[in-house]
There are 2 protein chains.
Amino acid sequence: MGTEGTRPVTLQSIADQLGLHVSTVSRVLNAKRGESGRAASPATVERIRRLADELGYQPNPHATSLRTRRSNLVGVLVPRLSDIVLATIYEGIEEAAAEQGLSTFVTNTGDAPEAQRARTRMVIGRRVDGMIFGDAHADSHFLDEVAGRGVPFVLVNRRAGKHPSVTCDDYLGGRLVAEHLLALGHDNVAVIAGEPYASTGQDRTNGFVDRYREAGIDVPGRRIVHSPFDAAGGHAAAERLLDDGARPSAIFAVNDFAAIGTIGALRDRGIRAGSDVAIVGFNDTPLAAELPLPLTTIRSPMHEMGRRGIQMLARLLAGEPVEPELLRPRLIVRASSDPALYAQLGLVTEAARPRE
Amino acid sequence: MGTEGTRPVTLQSIADQLGLHVSTVSRVLNAKRGESGRAASPATVERIRRLADELGYQPNPHATSLRTRRSNLVGVLVPRLSDIVLATIYEGIEEAAAEQGLSTFVTNTGDAPEAQRARTRMVIGRRVDGMIFGDAHADSHFLDEVAGRGVPFVLVNRRAGKHPSVTCDDYLGGRLVAEHLLALGHDNVAVIAGEPYASTGQDRTNGFVDRYREAGIDVPGRRIVHSPFDAAGGHAAAERLLDDGARPSAIFAVNDFAAIGTIGALRDRGIRAGSDVAIVGFNDTPLAAELPLPLTTIRSPMHEMGRRGIQMLARLLAGEPVEPELLRPRLIVRASSDPALYAQLGLVTEAARPRE
DNA sequence: CGATGCTACCCAAACGATTGGCCCAAACGT
DNA sequence: ACGTTTGGGCCAATCGTTTGGGTAGCATCG
């Protein structure tokens, strides 16, 4: 199907073959299946449609965008696509964008303000209709500038200021973790809090600390260390934590990868994660359940966040008003924090051995 | 900087303000810094340039593409972006594309032939200059069709037929793993071989099996099980493997995530990965080193693969001839297979405890 | 002094699609 | 019989750039 190598079929070429004017063809092909009555006679409509999909006609998006001043393109900025959290969110974005007739493209900023500016400029240069930021910095005024430029956008994963956003209820997530650890009797806890400028880390930490405070327990500042959202970052942060003062009985890492890095750091010091120190992560990435030490974590609706993000943007583009959305997190208890499950893990090991 | 909300600046608007013709402005702005002599007088050149970047002029890519019939756009297909291997490759692609003045966008196919067709059609509809496939199926003729359509493309990660590709030397990688396990005395081994249609899994498995055969050891067919390239897939495959026949002393999973899933499956059966069964993965993803049980694996140059892929495509677009590229893998030995390291892991645990 | 060659620009035709008008013929109303 | 609809299309401008050709004015040359 479709001619090969040669020039793509255009409205003009269809019109010529049918002895019609290009505008007629355009109207017919653009009419929704139902309301093609205005455009041409039923017979003509049929001829046009038949030839168009026989030739595999696809409108030239550059021509369309040029003429209509609408690209149906959305640019997405993320810190790193190789972070599975952002990759999953982007999958949601792309999936739902297609349903809305929008195209998307994504680019890394590494969370660096300079790169955010440069990439945003590049994205706008591509004449997008809107943007989605997955790398918002809570403290920066950059987004206000973008808003001033008149580019519609939505924030996902992280919120900032009053800009429209779709996020997980991170504060609640932090509280859920605190409740879980309180119930297990932990009164000496620490937090690996992520990057200081990310609302995710801030909110999760605040929820956690607030809930502990409500229980009459203070989590001192030096028990809260910041770190990049990856395994290496979690590893380094855990080392700083352990170098400084008595060992906590539980560590809440605001990100699964940071949690894995924490486990690595503990392992290197001969401390057994799960029994000596309880570990809780955040996000419930697909690995959490498969780890040698299954990880207690908060399940956040990453894919859904992406979907809602683009839907919100679509509403924005349609001129409708939007409200920030907060998605519900859920605690998933596994062996890394639960003594019973941990023991069971050990017991199974012993019990199963004779089976062979 | 730049006016806000209003219509973007065009060549026309610049020309008007300067009392020049749009074509003059176009030529000046398109000339490389050196050779602007032909276009206009030095004074005029200066005036144009100054005004252009004072107004923050950015050419309208739709107009440019429409006129030049070149979009400088590259479409990338991957099985899943939330697979860190593909995400990392794509990061390399995007990075190097920017250096070449190319833009890229990526889309998931889930490795499903139907989706591959549909997405390819969509990508071509966006009038890309070329494509990169990260999801090639070795057995399919689909790529031949695409080639017949005259769309230039390059394969990354997986190869297929004689199409230009940039891959890791997976066969060699498989041999390296075999050599490592042979040296450790394993003669009862199994392979979790990935998807049957992926050259990565095929080559890694073949290299492994061939090397074993050279050592006089046959790896029987039922010791080779296929699986998706993720943790859940590895888990399921490992279960099938364990359900059927005697336990191997070592398992080679052709992907780190499958290896992690394998560890999970072993754990569930009370078998200790690393001591009861040696485990080797592939790719050396950032987690491999941080796992509670550090994972022996093959480091593959994922980022570089992406970079080379786009560079090869650029050469193709320039009409230059290209040769398939094979990148060198490297064995990284960790505790999951090395008894000494494993013991050390355990020893550290015991030794360190008094330290507290 | 006419031919030639620069220099420094301008002209206009694309590229492919959209869209507000316009127009002709047949049908209709009275 | 004649004005009015209306069905069915056609016209042409337009979006912003690029690019193959001019061309006017001046200097140079033989």
Tell me every residue that passes ring-ring contact (aromatic ring centres under 6.0 Å, His included) with H163(B), counting only those two or more places apart in sequence or in another chain. F153(B)

Interatomic distance, R70(B) CZ vs dT17(D) P [rounded to whole Å]: 19 Å

Take a 6.0 Å sphere around CZ of R70(B) and say whether it holds more than 12 heavy atoms from other residues, nucleotides or ligands. yes

Before accepting this row, confirm whether a basic side-chain N of the pair E145(B)/R149(B) lies closer than 4.0 Å to the acidic partner's carboxylate O. no

Going 5' to 3' through nucleotides 10-17 of chain C, assign each nucleotide B (protein heavy atom under 4.0 Å from a base atom), S (under 4.0 Å only from sugar-phosphate atoms) or - (no protein heavy atom that close). BBBBBBBB

Considering the options T109(A), D135(A), T107(A), N108(A), which one meets the side chain to side chain donor-acceptor pair (under 3.5 Å) requirement together with R119(A)? T107(A)

With a distance cut-off below 6.0 Å to the six-membered ring centre and an angular limit of 45° from the axis, does R158(A) pair with F133(A) as a cation-pi contact? no

Any Lys/Arg nitrogen of R80(B) or E195(B) sitting under 4.0 Å from an Asp/Glu carboxylate oxygen of the other? no

Which atoms of nucleotides 4-6 of chain D (N or O only) lie under 3.5 Å from a protein N or O atom, and what are those distances?
none

Have a look at S65(B) and say if it touches a base, only the backbone sugar-phosphate, or nothing, with a 4.0 Å heavy-atom cut-off. nothing

Please check if the number of heavy atoms outside E114(B) that lie under 6.0 Å from its CD is greater than 12. no

Expressed in angstrom and rounded to an integer, what is the separation of L29(A) atom CG from dT19(C) atom C1'? 15 Å

Measuring from L66(B):CG to H62(B):NE2, what's the distance to the nearest 0.5 Å? 10.0 Å

E46(A) CD to dG8(D) P: how many Å, rounded? 15 Å

